[in-house]
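The structure appears below as structure tokens.
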Amino acid sequence: MTNHTHTKCEELLGSLSAYIDGDLNPELCQELEKHLAECDNCRIVLNTTKRTIDLVQTPLEKPDLPEDVRERLFHRLNLDNYLTPKPK
Amino acid sequence: MDRQPSNEISLEALIAGDRAEFARLVDTYSSPIYRLGLRMLGNPQDAEDVLQNTFLNALTHIQNFEGRSSLATWLYRIAANEALMLLRKKKPEVNIEEMEGEEDAEDVRPTQFVDWSALPEEELLSGEGKKALDAAVQQLPESLRIVFLLRDVEGLSIKETADALNLTETNVKTRLLRARMALREHLSAYYSERLPARSEK
């Protein structure tokens, strides 16, 4: 079951990304879920791929623009007069 | 990108040359654009160039904006172009089209099968964990990285990503799969060393 040279695993691997995005047609979706119930490795690949995406989307990974960079940007755009404290 | 504030920005005012409205546009989108530049170019100076050039370009061309995409997608399109142009200048071998026609699954085949997905967030996003994540993103080829950043980090749809990069949706999906699989491989190699031995099957 966990042999990853299995053709089924490779066939379904290409659908994993679309599956995560909820973008897979119902037939393939059912086939993939049936396979996932039986195949440890594919389940691991699915779980860790989802987790990978979660991690890059965490707020910690999205720092705000540094204030000095913002000031230089406004200056470059001749918008100095509009450089008010940044709205929160 | 946060979509909410974009609804409040008046396209009519922007096109009419309203400077205050343009300043609001800048404040709404400068953080995500800077972030994109930082992750594409890998250093703050280049990210700032991408940021400034994007808004200079937007300021020059806002009157030609036809509204076929959202303002956000339009700005991302400009920013992606600026980032890729700067990259090409620094690394002439970079080619955003390099993936065309190469759609076999060979290089997305997983080799790491350790389930680290249940590791606690503190562990996954410790200082060192974040560094590993950033390094893994930096190691993606540019043609995959830009797709991954727009879709998975900034949250554009497949269609918006395709529009922003002038790619087909199929091409975006293929690149996204490759990028996700490559990142997962990197992170699996890193986190599997941090798992208690009992979790390995």
Side-chain angles (χ1 to χ4, degrees), chain A residues 2-5 9-24 39-88, chain B residues 5 19-20 22-24 26-28 30-35 38 44 47-48 51-52 55-56 59 103 105 108-119 121 124-125 129-130 133-134 136-137 148-149 151-153 155 157-158 173-174 176-181 183-184 186-188 191 201:
Chain A
T2 57
N3 176 3
H4 233 258
T5 58
C9 301
E10 289 192 12
E11 252 178 53
L12 293 176
L13 181 67
S15 311
L16 212 60
S17 201
Y19 177 73
I20 290 171
D21 289 340
D23 195 20
L24 200 59
C39 180
D40 289 347
N41 278 352
C42 278
R43 218 167 37 246
I44 290 173
V45 172
L46 173 71
N47 289 342
T48 48
T49 305
K50 274 188 184 165
R51 200 75 177 107
T52 299
I53 300 168
D54 286 348
L55 286 180
V56 295
Q57 288 176 340
T58 52
L60 281 176
E61 288 303 301
K62 295 190 169 185
D64 265 346
L65 188 70
E67 193 51 37
D68 58 328
V69 176
R70 178 172 176 255
E71 281 170 16
R72 286 193 292 273
L73 174 63
F74 271 69
H75 181 67
R76 184 86 194 274
L77 295 165
N78 289 325
L79 291 172
D80 302 74
N81 292 344
Y82 301 95
L83 192 60
T84 48
K86 192 172 183 181
K88 291 287 170 196
Chain B
R19 308 283 291 164
F22 197 84
R24 288 208 317 124
V26 173
D27 267 336
T28 304
S30 52
S31 284
I33 300 242
Y34 180 70
R35 199 159 59 214
L38 206 50
E48 189 167 345
L51 177 71
Q52 293 191 354
F55 282 106
L56 281 171
L59 190 57
E103 295 190 3
V108 297
R109 189 176 294 152
T111 61
Q112 303 273 347
F113 300 106
V114 175
D115 194 354
W116 49 269
S117 62
L119 273 174
E121 194 128 303
L124 292 171
L125 290 174
K130 274 178 65 185
L133 182 61
D134 279 341
V137 172
F148 173 78
L149 291 175
R151 172 74 186 102
D152 280 344
V153 178
S157 68
I158 298 277
K173 287 178 188 173
T174 306
L176 189 61
L177 173 70
R178 284 169 175 243
R180 286 170 169 179
M181 290 293 132
L183 265 187
R184 191 205 75 88
H186 273 116
L187 291 185
S188 294
Y191 288 125
K201 287 189 179 167

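Order of the sequence lines fixes the chain letters, A, B, ..., with proteins taken first and strands second; residue numbering starts at 1 for each chain.
- With sequence neighbours excluded, no residue forms a salt bridge (charged side-chain N to carboxylate O under 4.0 Å, His left out) with Asp80(A).
- Considering only heavy-atom pairs separated by less than 4.5 Å from chain B, the leading option among Leu16(A), Leu77(A), Asp23(A), Asp54(A) is Leu77(A).
- Within the 3.5 Å criterion, the main-chain N or O of Arg184(B) finds no donor-acceptor partner in the side chain of Gln112(B).
- Of the two parts of Leu177(B), the backbone and the side chain both hold a non-hydrogen atom closer than 4.5 Å to a non-hydrogen atom of chain A.
- Under a 3.5 Å cut-off, the side chain of Arg180(B) and the backbone N or O of Ser17(A) do form a donor-acceptor pair.
- Looking at Leu59(B), the atoms closer than 4.5 Å to chain A (heavy atoms on both sides) all sit in the side chain, from C-beta outward.
- The contact between Ile158(B) and chain A is made entirely by side chain atoms (from C-beta outward), counting heavy-atom distances below 4.5 Å.
- The greatest number of non-hydrogen atom pairs below 4.5 Å with chain A, out of Phe148(B), Tyr191(B), Trp116(B), is found for Trp116(B).
- With Ser31(B) contributing its side chain and Leu65(A) its backbone, the two residues share a donor-acceptor pair below 3.5 Å.
- Both the backbone and the side chain of Asn78(A) have a heavy atom closer than 4.5 Å to some heavy atom of chain B.
- Heavy atoms closer than 4.5 Å to chain B are found nowhere in Leu83(A), neither backbone nor side chain.
- Partners of Glu71(A) by side chain to side chain donor-acceptor pair (under 3.5 Å), not counting sequence neighbours: none found.
- With values rounded to the nearest 0.5 angstrom, Glu121(B) atom CD is found 6.5 Å from Leu124(B) atom CG.
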